Amino acid sequence: MTSATEPPSPDTIAAFPPETIAAFLAFCAGDWLSLRSCFSLEEAADAAREAEADEVSWHSSERGELQVSYLAPEGSDDPGGLEITPPSGGRHRLLFHLDGGFQGQAPDGTVSTGRWRLWPDGSLELTSERAGSSVRERIWFTKANLRLRSSVEHHPDGRPGRASFSSEIRRVSRPAG
């Protein structure tokens, strides 16, 4: 595996929005302040059916630092990958391939595979299978320093599982002066 590279240069950020998977991955590199809301759609549906509970704990949110490093491609045709360190710790790796596939590795060593698609609107969609459930995540930039992510899990029978939404602001350093 090649080492992580520096965050994108101001020249790279000027090319907004990124138009290729390699540019999109490089654009993700940086330190981000993340606010993530998580929903257990399954618990919400159960609570709605029971309608007896006064207070349902099906929503949570967390705030923290998210570090994303761009990983240079392993092969000359591959676009590269990402190493993600979430606020909870541990490192997740995602390696992307030009054929539309990707491979992920969780901190515990669990390996997953999936498919990616870069949409004409500049958003990246990741689809993967985990423990029989399908997960669809969409990542997009509204500005060079504002990234949004949404994720929805579905059980094999089609029931909704978990969902999350994150807004992430890129940390930029002030010019020395």
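Side chains included, hydrogens not; waters and symmetry mates left out as well; all remaining heavy atoms used. Quick caveat, the model's predicted, so the values are computed rather than measured. Residue numbers run from 1 in the order of the sequence given.
With hydrogens and angles disregarded, a donor-acceptor distance shorter than 3.5 Å links the side chain of W116 to the backbone of H97.
Nearest heavy-atom pair across S37 and S61 is OG-CB, 4.1 Å.
Taking the six-membered ring where the residue is Trp, the centroids of F39 and F165 are separated by 6.0 Å or more.
Using a 4.5 Å heavy-atom threshold, the side chains of L66 and T85 count as separate. Residues P79 and L98 are in side-chain contact: their nearest non-hydrogen atoms beyond the backbone lie under 4.5 Å apart. Using a 4.5 Å heavy-atom cutoff, the side chains of R93 and L71 are in contact. Looking at heavy atoms from C-beta onward, I139 lies in side-chain contact with F24 at the 4.5 angstrom threshold. Side chains of L95 and E74 form a contact here, defined as non-hydrogen atoms less than 4.5 Å apart.
Applying the side-chain hydrogen bond (donor to acceptor under 3.5 Å, both in side chains) test to E137 and every residue at least two apart in sequence or in another chain returns R149. Here R36 pairs with nothing under the side-chain hydrogen bond (donor to acceptor under 3.5 Å, both in side chains) rule; sequence neighbours left out. For S34, there are no side-chain hydrogen bond (donor to acceptor under 3.5 Å, both in side chains) partners, not counting sequence neighbours. F102 is linked by a ring-ring contact (aromatic ring centres under 6.0 Å, His included) to F96, counting only residues two or more places apart in sequence or in another chain. Judged as a salt bridge (Lys or Arg N to Asp or Glu O under 4.0 Å), and not counting sequence neighbours, R117 has no contacts. Every residue was checked against the side chain to side chain contact (heavy atoms under 4.5 Å, CB included) condition with S112, not counting sequence neighbours, and none meets it. Listed by chain and number, the residues in a side-chain hydrogen bond (donor to acceptor under 3.5 Å, both in side chains) with R171 are E65 (sequence neighbours excluded). Scored by the side chain to side chain contact (heavy atoms under 4.5 Å, CB included) test, D108 finds A106, T110 as partners (sequence neighbours excluded).
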Would you list the atom pairs, donor with acceptor, under 3.5 Å between side chains in residues 119-129 and any protein atom, with sequence neighbours excluded?
residue, atom, partner, partner atom, Å
D121, OD1, S123, N, 2.9
D121, OD1, S123, OG, 2.6
S123, OG, R138, NE, 2.9
S123, OG, R138, NH2, 3.2

Just list the side-chain donor-acceptor pairs under 3.5 Å for residues 150-163, sequence neighbours left out, or say none.
residue, atom, partner, partner atom, Å
E153, OE1, R162, N, 3.1
E153, OE1, R162, NE, 3.4
E153, OE2, R162, NH2, 3.2
H155, NE2, E42, OE2, 3.4
D157, OD1, R159, N, 3.0
D157, OD1, R159, NE, 3.2
D157, OD2, R159, NE, 2.7
R159, NH1, E42, OE2, 2.2

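Surrounding CZ of R115 are more than 12 heavy atoms belonging to other residues, nucleotides or ligands, all under 6.0 Å away.
No continuous path of hydrophobic side-chain contacts links V135 to L118 [ILVMFWY only; heavy atoms under 4.5 Å].
In this structure, CZ on R63 lies 13.5 Å from OG on S166, to the nearest 0.5 angstrom. L25 CG to L82 CG: the interatomic distance, rounded to the nearest 0.5 Å, is 5.0 Å. Rounding to the nearest 0.5 Å places OG of S167 at 6.5 Å from CG of L148. For the atom pair CD1 (I84) and OG (S69), the distance works out to 9.5 Å, reported to the nearest 0.5 Å.
Cation-pi contact between R170 and F27: present, with separation from the ring centre below 6.0 Å and deviation from the ring axis of at most 45°. In this structure, R147 satisfies the cation-pi test against W32, with its NZ or CZ atom closer than 6.0 Å to the six-membered ring centre and inside 45 degrees of the ring normal.
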